[in-house]
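Quick notes on the structure that follows.
Note that these values count all heavy atoms, side chains included, but never hydrogens, waters or copies made by symmetry. Since we're looking at a predicted model, the values are computed, not measured.
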Amino acid sequence: MAHICFPRIRQSTRRFYQLSYYNPDTGKYAAGWDDIYMVLYSIVALTGLRAFTLDYVLAPLAGMLGINKRKDKSRFAEQGWVLIYYTAFWSLGMYVMYTHEHWMSFREMWTRWPSRELESSMKWYYLVQFSFWLQQIVIVHIEEKRKDHWQMFTHHVVTCALMFGSYCYHQNKVGNMILCLMDMVDLFFAILKYLGFQLACDIAFGVFMLVWFVTRHVLYLRVVYSLYYDSPRETAMGCYSGSQQNLTGPFPPPDRYWHLADPFLNPSGVVCWTNWVKWSFINTLLILQVLMIAWFGMIIQVAMKVLRGGEAEDSRSDGEDEGEEVDEENVAGVEHKKADAAKKPIEYEPIEEEVGVEDVQFHSQRSSPVKRFRNGGGVTTGVAFPSDRKELLGPGAVFRHPVPNSTNYINAYDQYGGLIRAKGLKPSRDRSRQQEQEIPKESLDDMMPYPMNRNFRSQHVLSEELRDEIYKRVVERGEDVRSVSASLQVEMGRVGAVVRLKTLEEDWVKEGKPLALPYARAVMSMLPQTRFLPNSATPLPHESINDLPVHKATTLQLFHPTSESRHFTRTDAGRVFDRNLLPAERRIPHPELVQIQKWYNEGLQKDEVASRQRKRNEEEKRRKEVQEKAKRRLEEMVVKRRETPRWEFRFREISVDDVGKDGRSRKGVGARYGMPHEDRKKGQVKIPTRVE
């Protein structure tokens, strides 16, 4: 518009859409820095043309063809644009090659170098292709990411570097041939993805594999070999300078390295073809070959699936789960057309479906492409525009992308969806960015899953990593339960429970039984967890591991007078309640921790404490082994065994002297099933009647 409305600036605006550096004597065009204007204009024009084609042509066409899922419609539009572009530019590239001397000849790619001027068709084709690949670097980040996102990004960057380098070094013929080889496969791939019949798709896939292998791994490597073998024989090694009409050379390189940058800075300056330049192009081309080999490996995986009876699918499927979103406007439009034809009102019935936890997904619903443009919403191209749609905002957003290492309770978030204790940290899809931030430990309010019940607090549960670590230490490394409990700050009974449950889980896995892992992950995500910190010297305490158990003899209150001069210890206090009652430091689950603290109080160093503790553990282990052996020997002496072909009978002698006259002694039969406490029996006096 500026070019049309303002004649005075046409001399400047002409460079954006017309080829620069025209030579009327030869009828050809030279290269120069003004070509960047046309490249920028082509990027904008291709972006606008792509957006218009996707949203106003291909997206409505997908709806007419019955494609209603939003992701499928977006993919259809993107592949349709690829088909249109590659059809046009592969045909143009083949025409450019046909009208030049390098048609069907590898040796001719290197003749008459350096050719400082180009035919109009070659220059326009090269600049627009360069613009397209620069645009692709942006598009690859706008479109939904695939598994090979970074491979695609690397491919586009290397392609742009090769095109820019070949344009400045006047190697346009070899660039034209490589682009034609590449575009042929992309054209075929875009057609293949939307064949309607499975048999035709599978057959076309086989042809696609053949075309890929021939063009990208045979002919492409033949071009690389020609660069290695033919270019030194057809191109005079050395440096040249000047325009096409005043070209001088060859002459030796004027310096060691700086002359390599001269073609990029001065289009008519010094340009050299040396072994260093040749090998730079070869290595860059081989980088592309490595990427294509990786992609061909994915193609072979799909081929193996087809041979096993499956269907040919794109193995580079999206990294995120594909939703079942349907374009409501398109479906509603079809229904309204049917209703108009039948002259009947439309009745929409609710759809009911029973789903599991693993099937619950949250998707933002958007209108059709045309409606989004009218409302100012985003488009299929991925370009974001302001939208007036009511998305899931506020505290409810935490249920879509919960903050890692935090309970997913709505009470922990403010009205704007920010984590209160983290000063407003909001949920985001970028988990790595959230994990880099230090999130404070949960407060009591964060442990409250039910806002109306402020007395209920969720207790921490062991994380999956911590449970795995407990199982590894006890089962695989052979550590005793007491040591694992002390080192991980988990109560010994819980350590034993974890080992038993993990053993059961391992047995189920070996037997092929299904595990409800999605449900378990969903439940774990809603509870506060005690994490395992492998690189931390001090573990996160899960619970108190040294609580003093209540002995039944201490349930009664006693008054025990003693002399002031007597040395009355905790051992003496225990014997007051019961002759066999041990003192508190010996009855706790981890008495060794008390002894360790005493050693530290004596001034011992950490290594000496560890050495003494190891010796103590070994002595404790030997003592338990002796006790176990004595117990087994006594069992063998008391219990008589009688074996039969099917059963083993065990007999134990019972006497009245052992079990008591009422038979309620702990040595009697049935004692382990429970006996009432003394203070619960009838006639039992429950208050002290004497002082001892």
Side-chain angles (χ1 to χ4, degrees), residues 46 50 75 78-106 108-109 121-122 124-136 139-140 146 148 151-152 154-156 158-160 162-163 166 171-195 200-227 284-300 302-303 312 314-316:
L46 286 172
R50 181 182 186 273
R75 287 295 182 213
E78 291 168 2
Q79 294 300 323
W81 166 254
V82 169
L83 176 62
I84 293 173
Y85 177 84
Y86 284 121
T87 300
F89 276 84
W90 179 76
S91 303
L92 177 60
M94 295 299 290
Y95 169 77
V96 171
M97 190 189 304
Y98 180 75
T99 56
H100 285 72
E101 61 274 8
H102 62 287
W103 171 256
M104 304 296 289
S105 175
F106 292 103
E108 287 295 330
M109 292 188 299
S121 58
M122 173 67 85
W124 189 87
Y125 166 80
Y126 220 78
L127 292 179
V128 176
Q129 281 276 55
F130 184 50
S131 305
F132 172 78
W133 287 107
L134 287 175
Q135 183 208 32
Q136 286 298 106
I139 295 298
V140 76
R146 298 175 179 267
D148 62 344
Q151 293 94 316
M152 290 287 291
T154 305
H155 170 270
H156 298 342
V158 174
T159 301
C160 291
L162 278 171
M163 293 193 68
S166 60
Q171 295 291 2
N172 308 92
K173 291 184 286 186
V174 63
N176 170 227
M177 181 171 288
I178 291 178
L179 286 172
C180 289
L181 293 176
M182 297 289 192
D183 292 351
M184 184 177 183
V185 176
D186 292 326
L187 171 64
F188 202 89
F189 185 64
I191 299 174
L192 170 67
K193 290 200 68 174
Y194 286 95
L195 284 177
C201 181
D202 293 342
I203 295 174
F205 181 74
V207 179
F208 163 73
M209 283 188 63
L210 179 62
V211 173
W212 177 293
F213 181 75
V214 172
T215 56
R216 296 200 171 188
H217 299 296
V218 177
L219 296 178
Y220 181 90
L221 290 177
R222 180 64 180 86
V223 173
V224 177
Y225 177 76
S226 179
L227 172 57
T284 312
L285 289 170
L286 290 178
I287 292 175
L288 282 184
Q289 181 63 205
V290 171
L291 293 174
M292 290 186 289
I293 290 175
W295 282 322
F296 192 62
M298 298 180 185
I299 296 173
I300 292 177
V302 179
D314 188 0
S315 63
R316 308 169 304 149

(message) Assess the residue pair Met94 and Tyr98 against the criterion (side-chain contact (heavy atoms from CB on, under 4.5 Å)); give the C-alpha distance rounded to whole Å, side-chain angles, the decisive distance to 0.1 Å, and a yes or no.
(response) CA-CA 6 Å; Met94 295 299 290; Tyr98 180 75; over 6 Å; no
Please report the interatomic distance [atom1]([X]) to [atom2]([Y]), rounded to the nearest 0.5 Å.
X	Y	atom1	atom2	value
Phe296	Gln289	CZ	CD	10.5 Å
Leu221	Met292	CG	CE	7.5 Å
Trp295	His155	CH2	NE2	5.0 Å
Ser131	Gln135	OG	CD	9.0 Å
Phe213	Ile299	CZ	CD1	12.0 Å

(request) Might you work through the side-chain contact (heavy atoms from CB on, under 4.5 Å) test for Leu227 and Gln171, ending with a clear yes or no? (result) CA-CA 11 Å; Leu227 172 57; Gln171 295 291 2; over 6 Å; no
(request) Tell me, yes or no, whether the heavy-atom count around Met122 atom CE, taken from other residues, nucleotides or ligands under 6.0 Å, exceeds 12. (result) yes
(message) Taking side-chain contact (heavy atoms from CB on, under 4.5 Å) as the definition, give me every residue that meets it alongside Val158, ordered by chain and number, with sequence neighbours left out.
(response)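 Partners of Val158 by the side-chain contact (heavy atoms from CB on, under 4.5 Å) criterion, ordered by chain and then number, come out as Thr154, Leu162, Thr284, Ile287, Leu288.
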Return all side-chain donor-acceptor pairs below 3.5 angstrom for residues 173-182, not counting sequence neighbours, or 'none' if the list is empty.
{"from": "Lys173", "atom 1": "NZ", "to": "Glu101", "atom 2": "OE2", "distance (Å)": "3.2"}
{"from": "Lys173", "atom 1": "NZ", "to": "Glu108", "atom 2": "O", "distance (Å)": "2.9"}
{"from": "Lys173", "atom 1": "NZ", "to": "Thr111", "atom 2": "O", "distance (Å)": "3.0"}
{"from": "Asn176", "atom 1": "OD1", "to": "His102", "atom 2": "NE2", "distance (Å)": "3.0"}
{"from": "Asn176", "atom 1": "ND2", "to": "Gly93", "atom 2": "O", "distance (Å)": "3.4"}

(request) Using the six-membered ring of Phe106, assess whether NZ or CZ of Arg222 lies under 6.0 Å from its centre and within 45 degrees of the ring axis. (result)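 Output yes; distance and angle both within limits.
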(message) The criterion is side chain to side chain donor-acceptor pair (under 3.5 Å); which residues satisfy it with Trp81, sequence neighbours excluded?
(response) none
(request) Check the angle between the aromatic planes of Tyr86 and Phe132 and answer parallel, tilted or perpendicular using the 30° and 60° thresholds. (result)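 It falls in the perpendicular class, over 60°.
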(request) Mind telling me whether Trp212 and His217 have parallel, tilted or perpendicular rings, with 30° and 60° as the class edges? (result)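 Because their plane-to-plane angle lies in the 30° to 60° range, the rings of His217 and Trp212 count as tilted.
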(request) Evaluate the side-chain proximity of Gln136 to Thr159: yes if any heavy-atom separation is below 4.5 Å, no if none is. (result)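 Answer no - side chains too far apart.
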(message) Is there a side-chain contact between His100 and Ser121 in this structure, where contact means two heavy atoms from C-beta onward sitting under 4.5 Å apart?
(response) yes
(message) If we ignore hydrogens and angles and just use 3.5 Å, is the side chain of Tyr85 paired with the main-chain N or O of Arg50 as donor and acceptor?
(response) no
Nearest heavy atoms of [X] and [Y], plus distance in Å:
X	Y	value
Thr99	Val96	OG1-O, 3.0 Å
Ser166	Met163	OG-O, 3.0 Å
Tyr220	Leu285	OH-O, 2.7 Å

(message) Evaluate Asp186 against Trp90 for side-chain contact (heavy atoms from CB on, under 4.5 Å), listing each step before the verdict.
(response) CA-CA 10 Å; Asp186 292 326; Trp90 179 76; over 6 Å; no
(message) Between Leu92 and Phe89, is the side-chain contact (heavy atoms from CB on, under 4.5 Å) condition met? List the steps.
(response) CA-CA 5 Å; Leu92 177 60; Phe89 276 84; 4.3 Å; yes
